[in-house]
Amino acid sequence: MSDHLTEQEINGYIHRTLTDVQRETIGAHINRCDNCRTRLQNAEQWRRRISNDLDTEIRYSRPSSDMRFSQIQGEISRKRKFAFFRFHTVRMMGTVGKFALAILGIAFAMTMFSSAAQSTPLVQGDPAPAMFPEGWDDPEPYRSGLIMREQSVLESLSSSSIYHLDMTIDENLQRVFGRQQLRYVNTTGDALTSLYFSLLPNMTDGRLQVSSVLVDGQPVHHELIDDLFLHVELPYRLREHDTAVVQMEFRLDLGETQQMFDGALGTSDGTISLSNFHPQLVSHLEGLGWDLSVPVHKVTNADNAFYRVRVNAPESLTLVSSGVMTDQNIMNNGQQNTVFTTGPISSFYLIASDAFAIQLSQTVGETVINSYAPSRYMESEAQAALDTAVRAVRIYNNQFGQYPYTELDVVGTSTLASGTEAMGFPTVITHKLPCEVGDLERTIATQVSQQWFMPIAAHSYRQNPWLADGLSEYATSYYYDMIDGQTAVWTLREQWQQTWAEQQIDSIGLSVIDFSVEDYEKAMHGHTPLFLTWLAQKVGEETFATFLQAYYTQYRWQGASADDFANLLADYCDCDLSPLFANATEAPREIQSQQEDNLD
């Protein structure tokens with residue numbers, strides 16, 4: 001077998017046309033080859049999408065009640081001739097040809113049938129009542145989570161996705177029961193007949209189950225796809241700008257805390273961590289449809305949305321979430337009922353523990369920064385984390401633009417997965433304790449910078465991860481320059497140089513699926529910050545700093561691609577950047593040469 005599978009081998013594996021020996025050989029190759037495993041997943045995604053689209057079309061195509069045989073007799077005769085031609089043609093084609101022609105045949109037959117049939121979609125019903133007293137488009141609950149200058153983003157509320165969740169955490173911290181409503185507005189440009197939700201916990205040792213799915217109060221057909229996606233059929237065609245409210249109940253059974261995509265999901269030592277824990281509507285990509293690709297590294301398939309979340313949990317738990325607390329009631333039965341409100345954010349995160357004995361706070365501008373730690377003997381670490389976060393927010397506010405939210409939580413915990421020092425979520429940073437003070441400062445400074453640049457690159461992350469993780473790593477150089485001066489910046493660059501030198505992995509122009517987990521970390525924390533340092537030197541460091549301010553200001557809510565980044569920088573430097581991006585591999589060597597000259 002060659003280094004990678006052929007398309008014929010992949011299709012044969014999917015459609016089970018191989019011998020047992022061939023399947024076993026290919027299966028072993030897929031297990032060790034990230035590239036072929038990703039190609040297989042993408043091929044299966046397209047197969048599922050075609051199958052579901054055809055199934056939906058069949059459900060919506062119904063003959064008129066007054067249809068007579070005489071009206072379609074001519075069509076049947078033509079279809080017989082087509083079937084005869086298709087039968088003898090398929091006999092002469094290989095596995096790939098059979099699959100392609102089958103799809104074309106079904107599409108052609110559907111077209112023929114629909115010409116003699118009438119589509120009779122059901123009528124759109126009334127939206128289900130919301131879980132909260134305020135209307136879906138009422139901006140008031142969300143104002144407390146945004147600084148004053150950013151509250152204009154609430155003007156987009158009427159066209160945004162809004163989640164309402166009512167969830168209960170059991171006293172053993174092993175299960176979460178919930179009901180959710182999604183107010184969805186179709187902004188895809190196409191009429192929709194179905195929606196897709198991701199069930200990311202099913203990729204871990206946890207389990208997310210869904211039941212009682214309603215659309216505008218009507219029960220609808222829904223089915224699991226590979227245990228990872230939920231396909232929900234709409235009872236009518238949802239035209240552009242039309243609205244639907246999708247309601248469902250869910251149950252989450254948790255495994256042990258572990259790293260999952262951009263966070264942790266699980267329970268350990270009296271702490272429950274909930275990232276991507278509920279059914280999330282996947283992104284609809286222009287020209288491609290619903291994004292049913294399997295998440296890789298830190299990539300999730302969700303767009304920005306607004307959240308109102310009611311959490312029912314034991315009173316002993318301290319709740320920390322991606323949002324501000326807007327209501328809380330302590331019950332007589334030892335339970336609490338707490339409401340969090342936030343948005344726009346890509347996902348809602350919650351961590352809760354009865355071990356958080358320390359909460360320290362400080363305000364920077366309009367943002368309250370909280371630091372949590374699990375026990376009194378870690379108060380010094382909690383203070384150090386808070387001090388670093390405060391310094392970083394002040395520096396990044398001045399350097400890039402104001403942090404848009406009114407709260408940032410920094411949570412110290414001993415429950416992160418082995419080898420994981422920190423994880424970032426919208427408005428929440430978790431970091432491992434105990435930790436050396438120097439390592440803690442480096443970790444917090446980098447995680448805070450991600451609060452600025454990770455959300456901007458969310459949609460382009462899969463194609464250009466350097467624009468998120470790599471740019472955030474580079475941004476920490478501004479923190480060290482302000483705190484300890486140029487000497488600290490040179491030390492930081494030496495660390496990047498050492499990381500890059502281990503394997504000399506490039507990062508510009510490569511997608512997430514091109515990296516193993518180990519190579520990804522080396523590229524994002526080695527090559528990318530060195531490349532951006534080199535790029536800033538080429539266009540002028542003052543120009544690059546001014547550009548980063550404009551980049552953040554212009555794209556912080558709408559998101560940016562690598563082309564957006566390059567085009568805006570070209571406008572600021574009034575130069576042709578294509579030679580620099582084409583020669584990105586040279587950046588580490590030039591920086592290394594500068595480092596050596598500096599030592600001399």
Report task. Check whether the ring centres of Phe531 and Tyr474 lie less than 6.0 Å apart, and answer yes or no. Result -> no
Query raised in the report: Phe348 and Thr342: which non-hydrogen atoms are nearest, and at how many Å?
Result: CD1-CG2, 4.0 Å
Query raised in the report: Is it true that Arg183 and Asp137 have a side-chain N and a carboxylate O under 4.0 angstrom from each other?
Result: yes
**Report entry** Tyr479 versus Ala445, closest heavy-atom pair with distance
**Finding:** CD2-CB, 3.9 Å
Query raised in the report: Does Ser198 reach the main-chain N or O of Leu200 with its side chain, forming a donor-acceptor pair under 3.5 Å?
Result: no
Report task. Give a yes or no answer on whether the side chain of Asp574 reaches the backbone of Ala570 with a donor-acceptor pair at less than 3.5 Å. Result -> no
Query - Aromatic ring pairing Trp290/Tyr184, orientation class (parallel under 30°, perpendicular over 60°, tilted between) - result: tilted
Query raised in the report: Hey, are the side chains of His527 and Thr499 touching, using non-hydrogen atoms and a 4.5 Å cut-off?
Result: no
Query raised in the report: Between Gln451 (side chain) and Pro426 (backbone), is there a donor-acceptor pair under 3.5 Å?
Result: no
**Report entry** Shortest non-hydrogen contact between Gly526 and Leu530, atoms and distance
**Finding:** O-CG, 3.2 Å
Query - Test side chain to side chain donor-acceptor pair (under 3.5 Å) applied to Tyr551 and Asp564, step by step - result: CA-CA 9 Å; Tyr551 171 74; Asp564 294 327; over 6 Å; no
Query raised in the report: Can you check whether Val153's main-chain N or O pairs, donor with acceptor, with Ser156's side chain at less than 3.5 Å?
Result: yes
Requested in this report: Please check if the distance between the ring centroids of Phe340 and Tyr307 is under 6.0 Å.
Outcome: no
Query - N/O donor-acceptor pair under 3.5 Å between Asn567 side chain and Asp563 backbone - result: yes
Query raised in the report: Between the side chains of Ser361 and Asn370, does any donor sit under 3.5 Å from an acceptor?
Result: yes
Query raised in the report: Does Ser472 offer a backbone N or O that forms a donor-acceptor pair with the side chain of Thr476 under 3.5 Å?
Result: no
Query raised in the report: Is the His278 to Tyr163 ring centre distance short of 6.0 Å?
Result: yes
**Report entry** Flag side-chain contact, heavy atom, 4.5 Å: Leu154 against Leu146
**Finding:** yes
Report summary line: Heavy-atom closest pair (Gln402 atom, Tyr552 atom, distance to 0.1 Å) is O-OH, 2.9 Å
Query raised in the report: So, do Leu292 and Val282 sit near enough that their side-chain heavy atoms are less than 4.5 Å apart?
Result: yes
Query raised in the report: Going by the angle between their ring planes, with limits at 30° and 60°, are Phe400 and Phe453 parallel, tilted or perpendicular?
Result: perpendicular
Query - Heavy-atom closest pair, residues Pro201 and Leu208 - result: CD-CD2, 3.9 Å
Query raised in the report: Is there a donor-acceptor pair closer than 3.5 Å between any side-chain N or O of Gln180 and the backbone N or O of Pro279?
Result: yes
Query - Backbone of Ser346 reached by a side-chain donor or acceptor of Asn304 within 3.5 Å - result: yes
Query raised in the report: Should the pair Tyr405 and Tyr403 be assigned to parallel (<30°), tilted (30 to 60°) or perpendicular (>60°) ring geometry?
Result: perpendicular
Report task. Assign the ring pair Tyr349 / Phe425 to parallel, tilted or perpendicular, where the plane angle (0 to 90°) is split at 30° and 60°. Result -> parallel
Requested in this report: Flag this pair as yes if the NZ/CZ of Arg493 is under 6.0 angstrom from the six-membered ring centre of Trp490 and inside a 45 degree cone about the axis; otherwise no.
Outcome: yes
**Report entry** Lys432/Glu381 under salt bridge (charged side-chain N to carboxylate O under 4.0 Å, His left out): CA gap, chis, key distance, verdict
**Finding:** CA-CA 10 Å; Lys432 182 171 288 187; Glu381 286 92 335; over 6 Å; no
Query raised in the report: Where the side chain of Trp452 meets the backbone of Gly401, is there a donor-acceptor pair that is under 3.5 Å apart?
Result: yes
Query - Lys/Arg N to Asp/Glu carboxylate O, Arg143 vs Glu150, below 4.0 Å - result: no
Report summary line: Shortest non-hydrogen pair, Val185 vs Ser160, comes out as CG2-O, 4.2 Å
Requested in this report: Go through the side-chain N and O atoms of Asp387 and Gln362 and say whether any donor and acceptor fall under 3.5 Å apart.
Outcome: no
Report task. Go through the steps to decide whether Tyr142 and Phe306 satisfy the test ring pair (Phe, Tyr, Trp, His ring centres under 6.0 Å), and finish with yes or no. Result -> CA-CA 8 Å; Tyr142 303 97; Phe306 291 85; 5.1 Å; yes
Query raised in the report: Distance-only, no hydrogens or angles: does the Asn464 side chain make a donor-acceptor pair with backbone N or O of Trp466 under 3.5 Å?
Result: no
Query raised in the report: Does the side chain of Val339 reach to within under 4.5 Å of the side chain of Gln328, using non-hydrogen atoms?
Result: no
Query raised in the report: Is a salt bridge present between Glu590 and Lys538, judged by a nitrogen-to-oxygen distance below 4.0 Å?
Result: yes
